[in-house]
Novice: 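First the structure, then my questions, so here it is.
Each chain gets a letter, A, B and so on, in the order its sequence line appears, and its residues count up from 1.
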Protein chains: 2
Amino acid sequence: MSGMDLRTVSRRSVCDEVYDQLAGNIVRGEVAAGDSLLSERRLAEVLGVSRPIVREALQRLAIAGLVEVRQGGSTTVRDYRRHAGLPVLAQLLLPAGSLDLGVARSLLEARLHIGPEVASLAASRAGAALERPLTEVLSQWDGAADPVRQQWHALEFWDLLVDGCGSIVYRLMYNSMRAAYEPLLAALAPTMQGETVSARPLAAAVVAGNATAARSAAHDLLAPTTHVLLEAISALEG
Amino acid sequence: MSGMDLRTVSRRSVCDEVYDQLAGNIVRGEVAAGDSLLSERRLAEVLGVSRPIVREALQRLAIAGLVEVRQGGSTTVRDYRRHAGLPVLAQLLLPAGSLDLGVARSLLEARLHIGPEVASLAASRAGAALERPLTEVLSQWDGAADPVRQQWHALEFWDLLVDGCGSIVYRLMYNSMRAAYEPLLAALAPTMQGETVSARPLAAAVVAGNATAARSAAHDLLAPTTHVLLEAISALEG
DNA sequence: ACAACCTAACTGGTCTGACCACTTGACCAC
DNA sequence: GTGGTCAAGTGGTCAGACCAGTTAGGTTGT
């Protein structure tokens with residue numbers, strides 16, 4: 001049994017499919033901002049689904065900020081750079097199955113800037129209260145066999161820090177950024193492996209309640225892999 | 001005509017109403033994470049709308065990360081702290097018409113930490129290219145009669161900086177944070193008025209391409225109002 | 001020619017009722 | 001216990017209809 005490596009089956013509904021197709025066309029720029037979408041009835045016909053399903057997908061696009069729906073008029077594409085929320089990052093990072101390098105760079109930069117702040121806040125606000133959960137996650141992290149499993153524990157580690165920093169804004173940011181990152185996790189796990197050894201000093205600083213030490217420890221953890229990946233991106237861009 | 005102060009009529013659809021009711025119940029904690037929602041048919045009956053409308057609202061809740069829908073099983077409430085994206089901030093900041101002070105504090109802190117970074121990046125990446133648009137917005141900002149109009153120009157000012165920083169992540173964060181802030185804009189405008197005088201030095205540093213000066217200028221702009229508001233929040237909390 | 005009006009043909013918004021696919025839990029046989 | 005079976009309830013999808021708002025083009029009056 002232990003070697004079977006099962007995972008939950010993906011159960012994509014028709015609505016998911018429609019949403020992904022439309023969202024993909026928008027973020028890949030195949031329809032420009034201001035353009036009108038086909039009418040709901042036409043879309044239903046073209047996609048071979050019923051109109052309620054098209055509408056459900058359009059509702060999702062609308063609250064994501066990718067389209068604007070007006071009764072009587074046609075549904076138009078919005079400029080996602082101006083109106084979309086952070087969760088759209090996931091679509092932008094992997095627009096057509098391949099990584100968008102500019103988006104990836106932007107994500108790495110933000111991580112490097114916000115991560116240390118989160119660690120600092122967690123140290124001053126949660127401090128010793130994080131001792132037990134952090135050591136628990138750290139031991140699992142060290143014990144993890146392959147880099148992918150390590151990465152999952154790394155995310156859980158940051159999850160604790162983000163909770164500890166007591167900021168709902170950083171919490172929600174983390175959720176959106178994590179959701180964008182997870183599809184890449186397996187591919188990036190080997191590179192990220194270097195962060196493992198720096199986690200203990202960070203945890204120690206946080207538990208000690210030393211905000212400045214936590215900030216710099218977090219920077220020390222994030223900076224090396226950040227720079228490696230940024231250089232790799234520069235190289236790929238030519 | 002000039003004194004009529006018209007605004008676009010709000011045209012709330014039934015679906016919007018259902019969404020707001022359900023989202024409000026969730027973020028106000030009136031239903032706990034893990035609880036099951038009523039079935040779609042029951043909700044339709046209770047709310048007096050048709051099932052397709054209930055479904056559209058549920059789709060929106062689902063991609064917002066507030067509920068989880070599973071075919072065959074019941075729709076359950078998720079822990080928004082763990083799964084919701086940044087746009088939910090808008091609902092959390094004004095959950096029942098009155099401000100949530102903890103969320104507001106968190107938002108102010110994040111603004112103070114990220115704003116200077118955005119200014120710094122804009123200085124090093126856009127620099128002189130921002131001269132014309134920034135001076136234009138600044139003149140409008142100064143010329144604005146009342147504090148509310150000033151705030152709208154202030155947002156436009158930051159809009160330019162966020163564009164100039166060349167980071168899609170900060171751009172999307174800004175969109176979500178701005179959307180949460182806008183309903184409060186009128187109430188906070190008098191307090192924010194103090195930021196007006198600090199905008200010119202910030203613009204000058206950015207246009208000069210001086211990243212460190214831009215960072216500190218942005219901090220000088222944001223810090224005073226941030227501290228005033230944080231103290232006001234502390235006072236209100238007792 | 002021009003302006004105002006009006007109508008027809010779109011658009012999205014909502015409803016109804018039906019059927020399918022899936023999950024759950026209870027019951028039953030082994 | 002273990003596994004099979006089944007019924008009830010859930011979400012997933014569909015079809016077709018009608019309401020409500022927008023838009024464009026034609027009509028009318030001047």
Novice: Would B:Asp20 and B:Arg60 pass as an ion pair if we require N to O under 4.0 Å?
Specialist: no
Novice: Both distances below 3.5 Å, Watson-Crick or wobble geometry, any strand: find the nucleotide opposite C:dC30.
Specialist: D:dG1
Novice: Would A:Arg11 and A:Glu17 pass as an ion pair if we require N to O under 4.0 Å?
Specialist: no
Novice: Does the gap between the ring centers of B:Phe157 and B:Trp141 come in under 6.0 Å?
Specialist: yes
Novice: Would you find a donor on one side and an acceptor on the other, under 3.5 Å apart, between the side chain of B:Ser36 and the backbone of B:Ser74?
Specialist: no
Novice: Give a yes or no answer on whether the side chain of A:Arg149 reaches the backbone of A:Ala144 with a donor-acceptor pair at less than 3.5 Å.
Specialist: no
Novice: When you list every nucleotide of DNA chain C with an atom under 4.0 Å from a heavy atom of chain A, which one comes first 5' to 3', and which comes last?
Specialist: C:dT11 to C:dT23
Novice: How does each nucleotide of nucleotides 12-21 of chain D score, in 5' to 3' order, for protein heavy atoms under 4.0 Å: base (B), sugar-phosphate only (S), or none (-)?
Specialist: BBB--BB-BB
Novice: Using modelled atom types only, decide if a donor and an acceptor are shared between the side chain of B:Asn175 and the backbone of A:Ala84 within a distance under 3.5 Å.
Specialist: yes
Novice: Ignoring backbone atoms, establish whether B:Thr75 has a side-chain N or O less than 4.0 Å from OP1 or OP2 of D:dG11.
Specialist: yes
Novice: More than 12 non-hydrogen atoms from neighbouring residues, nucleotides or ligands closer than 6.0 Å to CZ on B:Arg82, yes or no?
Specialist: yes
Novice: Using a strict threshold of under 4.0 Å (side-chain N to carboxylate O), is an ion pair present between B:Glu45 and B:Arg41?
Specialist: no
